[in-house]
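Below is one structure, written out as structure tokens, with a few remarks after it.
So that the names make sense, note that chain A is the first sequence line, chain B the second, and so on, each numbered from 1.
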Amino acid sequence: MTGLTPALLGALPELVLAVGATVLTMVGPFVVDQRRAWLTRAALLTLVVALALVPTPPDGLIFGGLFVVDGFGKFMKILVLGATAWTLLIAEEGRQSASMRAFEYPVLVLFSALGMLATVSANNLMSLYLGLEMMSIPLYVLTALKRESRHAGEAGIKYFVLGALASALLLYGCALLYGFTGTTDFDALAVALPDAPPLGAAAGLVFLVAGIAFKLSAAPFHMWTPDVYEGAPTPVTAFLAAAPKVAAGALMLRVLFGPLIGLADVWMPAIAVLAVLSMTVGAFGALRQTGLKRLLAYGTIGHSGYIFVGIAAGTPEGIHGACVYLAIYLVMTIGAFACLLAMHRSHQPFEQVEHLAGIGRRRPMFALAFSALLLSMAGLPPLAGFLAKLYVFRAAVEADLFWLAVVGVLASVVAAAYYFRVVYVMYFADGDEDFEHMPGRRITWTVTATALTALLFLIVAPVVVEAAARAAGTLGL
Amino acid sequence: MSTWPILSLLVFLPVAGIAFLALTGRGGAENDRNARDVTLWTSLANLALAIVLAVRFDPGKDGFQFVEHAAWLPELGVAYHVGVDGISVLFILLTTLLVPICIVASWTTVVERVRSWMVAFLAMEALMIGVFVARDALLFYVFFEAILIPMFLIIGIWGGERRVHAAFKFVLYTLAGSVLFLIAILTLASLAGSTDMDLLEHTPIAIDAQRWIWIAMFASFAVKVPMWPLHTWLPDAHVQAPTAGSVILAGVLLKLGGYGFIRFSLPMLPAASAEFMPLVYVLSAVAILYTSLVALMQRDMKRLIAYSSVAHMGVVTLGLFTASARAISGAIVQMLSHGLVSAALFLVVGVVYDRRHSREIADYGGLVHSMPRYAVLFMLFALAAVGLPATSGFVGEFLVIVGVFPVSAVFAACAAAGMVLSAAYMLWLYRRVVFGGVPAGPPLPDLDRRETGMFLPLAILVLLLGIQPDFVFQLIEGPSAELAARLLAAQAGGGA
């Protein structure tokens, strides 16, 4: 704990991001429009360097216990940085309008990623809150970045107001926990909480969990998700749907299995209820959607329900299942949004389900890839999403939560209905509107890579499952 | 023991065909022809492989042969574990026989998106063989459920007017059942610490747990069989599916439910199976009698055959859940026979549908005048469906009735009544379509060489199975005796 050097070494990826983002903020205004692409490239380089540095620091506490470096955090940081870089890469092609080409875009993404890293490695209620806010505020701005679009502005305001409310709840929860235990340190909380007044501790827990559940768009804190997904420009939605979810999921795992593990009896049923609500809201809500982005938004709500199924088990298997789920969810989401970004006509987004009619005939490879990604999200074997669901349900079954597993699989049947509906529109329905231009190289490459992952995941599964197991093994318990 | 992985070859040869089709160019008549050729030769090569497998299979040995084992997800206890016993060998033969026949049947009728069609069929073949060779429960499940995707596309893209409704009904029904099966597998895995089926068969499970697991599995298999009252997706799917889709659906997919009972419910949960026997009996009897009567009233030929399938599968479930080696063997033979006969009957309908584009019985009549060869083959398959001696249909139904009789004369009588009713609806169908007055319009031409070619192997096998079924019994005697012994032991244990 002595000296600054170990702390700085431990935070190497974060430092790289912070320096990179700051430098870009200063350089950005002086870069002429034609050279803006270089800013994105520099941001990408920063992210990749940070990603490469994630495994280097030794495990341990840094900055006087405010942050922790461990295998779980490293696993999640790799996911977060990878997703951020990937979504930034494909966003380039979706950012045609002037406001979207603002130099702030890559900078905001970098700052948000920095917040996510802080969130993932938080070991103190203070650093947790700071990380979460640092992650969220750039997201609010990004959502509203497209100034000429009223939808984007509306979505930004909605996201900001509800997000602020959730932050307030979270902060209130932190305050309660501090008030009843006298500490904000996770390790000290874990010791002190079992002796704290049960009602007060439970109240703090509920507010804290509600705040994080908002970020994960779990029902009943999901209201913002469909509107924000729809209103935000698609490149932003892609970013929003991928990395922040992993950060919030990681935080949820770290908090529940760290400082709050003593209250497991309280939070396990609560998380199970959240899981059931999210799965059913996600499944039934999506049935009536006609917009692809709203549909994927409800998909996200459902997915957070499945992650909660793993968490509700309260076992190492549950952590493992949630980690596997987050990793697979990430790849499928990036793939699905890359498909959405490919759908453009006269620079207008072309994002209704019905716009896909007849695509199976005109662009068979695109339809095949999109179908693979959607059915993978539905959890059909032999696609990747099946394994994700398998691991969380296995955790539930082994924890004797049979009812939760049964509700989960039945919700997944309903969910399959709407994913199949999109496939049906692509292949069975007739239509002759085509996208205007072929998607660019980056998007084609992303769609191909993610679809191949979905199709062939069972072959490479052992590697990912093993990595997730090692990550889960280092968390609490 | 073989040194080369013949089972993996069987599964992955169609996948190689798919890869080839995917990599070759798109569009154009020449490309379509190539796609047909590639698929036909791939599936014929697979048939040859299956025959090699059957010849090299040693029926004298106990247990599974040609076993391959590779670690996959070790901490879940899941492995890539495949192997075959006599029952699997027969179903693999049935699958590899029907797929090339389907390709031939769709040779001239499927003209749109030929390449996708061929890919879907090869994918189906790989997955179906996968189900029959899997010796790991999770591997089984992956194959079992993945079949939904190509079948959804086959019904949905190339189906009839109401294909969307039928495709969704098919997927949602079977998916709802299958996901409960997944929970059952996970429960078994948490009890046994592994999903290896050899191990699960020898894991004693408390009766309370057995009951729940049995119900969850039953939900899945009963939909697939399909058993009354979960059968309503079948007529829709059959009517809307293209001919080749119906053939593979009736020929192989309906067998997956019965195969699931043979591999999971009966050997792993014998006590629960014995306990739920009355339920299965009642449902089977209702299926036999009720759906036979429903079949009698149909005006659509495909619907009629679809309902008769439900009735025939009722005989299968009746036989499977009887603690007698005879009844279980009978049920397996009946599954094979139904696989051949119903596939042939759907082809029979397909042939006239291609000529007149109607499935209504009333639109046909007097076909015997213009289509004598067709009339003979139709007669053979109709009589096999009725269960006439010297056809494959007789052997299975007779053995089931003989096996069930000592247990319950009433249910044996139900099965027998089913045979009588099947005679009624099949012969009536035959009379109305083949004899009777000729409706207006040009006479329909008789079978050409391609069509005769696809019927002949089926006709030969139906007769061979009816006259000389020994080669089948050699393969299934051992496994069915073992299943019967397990059930008997469970019944004795429950009674004591």
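Within the 4.5 Å cutoff, side-chain heavy atoms of A:Y427 are placed close to those of B:R113. With a 4.5 Å cut-off on side-chain heavy atoms, B:L73 and A:Y391 count as touching. The shortest side-chain heavy-atom distance between B:L76 and A:L390 falls under the 4.5 Å cut-off. Looking at A:F402 and B:W212, their side chains never come closer than 4.5 Å, going by heavy atoms from C-beta outward. Using a 4.5 Å heavy-atom cutoff, the side chains of B:L175 and A:L380 are in contact.
Nearest heavy atom pair, residue A:V413 against residue B:A176, reads CG2-CA, 3.7 Å. Here the closest non-hydrogen pair linking A:P381 and B:I149 is O-CD1, 4.1 Å. Heavy-atom minimum distance, B:S190 versus A:V397: OG-CG1, 4.2 Å.
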CA sep, side-chain torsions, deciding dist, call: A:F428, B:F152, ring-ring contact (aromatic ring centres under 6.0 Å, His included):
CA-CA 11 Å; A:F428 307 174; B:F152 174 76; 5.3 Å; yes

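Looking at B:V171, only its side chain comes within 4.5 Å of chain A, counting heavy atoms on both sides. Residue contact with chain A, scored on non-hydrogen atoms closer than 4.5 Å, is absent for B:I185. Contact of A:V465 with chain B is made through the side chain alone, with heavy-atom distances under 4.5 Å. Looking at B:Y141, the atoms closer than 4.5 Å to chain A (heavy atoms on both sides) sit in the backbone and in the side chain alike. Only the side chain of A:F386 comes within contact range of chain B, with heavy atoms under 4.5 Å apart. Interface remark: B:I157 contributes backbone and side-chain atoms alike to the contact with chain A (heavy atom separation under 4.5 Å).
Contact count versus chain A (heavy atoms, under 4.5 Å) is highest, among B:L182, B:L186, B:I183, B:L180, for B:L186. Chain A forms the most heavy-atom pairs under 4.5 Å with one residue out of B:A71, B:A146, B:A189, and that residue is B:A146. When each of A:E398, A:R421, A:R361 is checked for heavy-atom pairs under 4.5 Å with chain B, A:R361 comes out on top. Heavy-atom pairs under 4.5 Å with chain A were tallied for B:Y80, B:F144, B:F168, B:F143; the largest tally goes to B:F168.
Distance check, rounded to the nearest 0.5 Å: CG of B:L153 to OH of A:Y424 gives 14.0 Å.
A donor-acceptor distance shorter than 3.5 angstrom exists from the side chain of B:W72 to the backbone of A:L458, with no hydrogens or angles considered.
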